[in-house]
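Take this structure, written in structure tokens, and hold onto it; I'll ask about it next.
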Amino acid sequence: MRNGYEREGCVAGWCRDSSFCSVSCTARLIGRKWHPVIVHRLLDIGPLGFNELERDLEPISSTVLSESLEDLEANEIIERRVVSEKPFRVEYGLTAQGKSLEPVIEAMGKWGASYIEESE
């Protein structure tokens with residue numbers, strides 16, 4: 001299995017043969033507070049540098065952003081590319097796997113908008 005799913009127990013663990021295992025794996029990948037937001041911004045805008053993401057996602061802290069980017073990269077949702085050596089600059093963009101999350105992120109946005117509207 002890819003990127004520690006077995007270690008984390010997502011597939012090899014308690015839900016392996018359950019009908020909800022795929023939902024559990026998706027939630028593990030993008031279920032953290034900022035993960036779907038980062039994916040959304042990269043889908044909407046395209047590749048961005050760390051500082052651009054941090055400004056765009058204010059009030060995210062640099063520590064949380066860094067940890068989120070590392071986790072998304074480890075799970076092959078985003079990729080980190082060096083775009084300049086001097087001055088050193090990296091850019092974060094979506095992998096093909098990350099881009100395939102577009103319908104999921106769009107559905108989350110539509111559901112969230114509907115929920116907010118009903119709550120007002």
Side-chain angles (χ1 to χ4, degrees):
M1 280 280 142
R2 181 193 301 176
N3 296 314
Y5 290 147
E6 283 190 38
R7 282 180 279 125
E8 303 273 337
C10 185
V11 173
W14 60 274
C15 76
R16 178 182 221 150
D17 297 321
S18 300
S19 62
F20 57 83
C21 192
S22 57
V23 174
S24 175
C25 286
T26 304
R28 189 217 159 280
L29 288 171
I30 64 167
R32 294 172 122 180
K33 178 179 178 178
W34 289 101
H35 284 42
V37 178
I38 292 168
V39 172
H40 176 268
R41 299 319 300 147
L42 295 176
L43 282 166
D44 196 44
I45 298 171
L48 293 168
F50 185 90
N51 291 333
E52 296 166 307
L53 272 167
E54 189 174 28
R55 276 191 302 273
D56 195 53
L57 300 177
E58 191 177 345
I60 194 171
S61 72
S62 59
T63 302
V64 171
L65 178 57
S66 181
E67 290 171 356
S68 295
L69 292 170
E70 286 175 8
D71 190 50
L72 290 166
E73 184 180 13
N75 286 298
E76 299 178 8
I77 303 298
I78 65 167
E79 59 188 355
R80 180 182 180 266
R81 292 182 291 260
V82 176
V83 293
S84 173
E85 292 290 335
K86 292 187 180 181
F88 186 74
R89 187 174 180 307
V90 297
E91 204 172 65
Y92 297 91
L94 294 170
T95 63
Q97 195 75 14
K99 290 175 184 171
S100 73
L101 284 167
E102 186 168 16
V104 175
I105 300 299
E106 286 178 357
M108 289 174 72
K110 287 178 185 173
W111 188 90
S114 174
Y115 181 82
I116 291 167
E117 187 177 294
E118 289 177 11
S119 298
E120 293 178 341

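Numbers here simply count residues along the sequence, with the first being 1.
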Between L69 and V82, is there shared hydrophobic-cluster membership here, with clusters defined by ILVMFWY side-chain heavy atoms closer than 4.5 Å?
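Cluster IDs for L69 and V82 match.
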
Rounded to the nearest 0.5 Å, what separates atom CG in N75 from atom CZ in R28?
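Atom-to-atom, N75:CG and R28:CZ are 4.5 Å apart.
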
Looking at CD1 of I105 and NZ of K99, how far apart are the two atoms once the value is rounded to the nearest 0.5 Å?
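So the gap between those two atoms works out to 15.0 Å.
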
Looking at residues at least two apart in the chain, or sitting in another chain, which of them share a side-chain contact (heavy atoms from CB on, under 4.5 Å) with R32?
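Expected list: H35, D71.
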
Give a yes or no on whether L29 and V23 share a hydrophobic cluster (residues Ile, Leu, Val, Met, Phe, Trp, Tyr; joining criterion: side-chain heavy atoms under 4.5 Å apart).
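Hydrophobic grouping puts L29 apart from V23.
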
Taking all non-hydrogen atoms of both residues into account, name the closest pair between S100 and P103 and its distance.
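Here S100 and P103 meet closest at O-CD, 3.3 Å.
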
Determine all donor-acceptor pairs shorter than 3.5 Å in which one atom belongs to a side chain in residues 38-45; sequence neighbours excluded.
from, atom 1, to, atom 2, distance (Å)
R41, NE, D56, OD2, 2.6
R41, NH1, D44, OD2, 3.4

According to salt bridge (Lys or Arg N to Asp or Glu O under 4.0 Å), does anything in residues 108-120 pair up with another residue at least two apart or in another chain? List the pairs.
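The answer is none; no pair qualifies.
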
Going by side-chain heavy atoms closer than 4.5 Å, which hydrophobic residues are tied to W111, directly or by a chain of links?
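Taking Ile, Leu, Val, Met, Phe, Trp and Tyr as members, W111 shares its hydrophobic cluster with Y115.
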
Closest non-hydrogen atom pair, W34 against P59
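It is CH2-CD, 4.1 Å.
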
Tell me, please, which residues at least two apart from E106 pass side-chain contact (heavy atoms from CB on, under 4.5 Å).
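Per chain and number, E106 pairs via side-chain contact (heavy atoms from CB on, under 4.5 Å) with E102.
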
For S62 against E54, the heavy-atom pair lying closest together:
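Shortest heavy-atom contact: CB-OE2, 3.0 Å.
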
Take V37 and I60 through the test side-chain contact (heavy atoms from CB on, under 4.5 Å) and record every step on the way to the result.
CA-CA 11 Å; V37 178; I60 194 171; over 6 Å; no

Donor-acceptor contacts, no H, no angles, side chain residues 88-96, under 3.5 Å, sequence neighbours left out:
from, atom 1, to, atom 2, distance (Å)
R89, NH2, E52, OE1, 3.3
T95, OG1, E76, O, 2.6
T95, OG1, I77, O, 3.2
T95, OG1, Q97, N, 3.3
T95, OG1, G98, N, 3.0

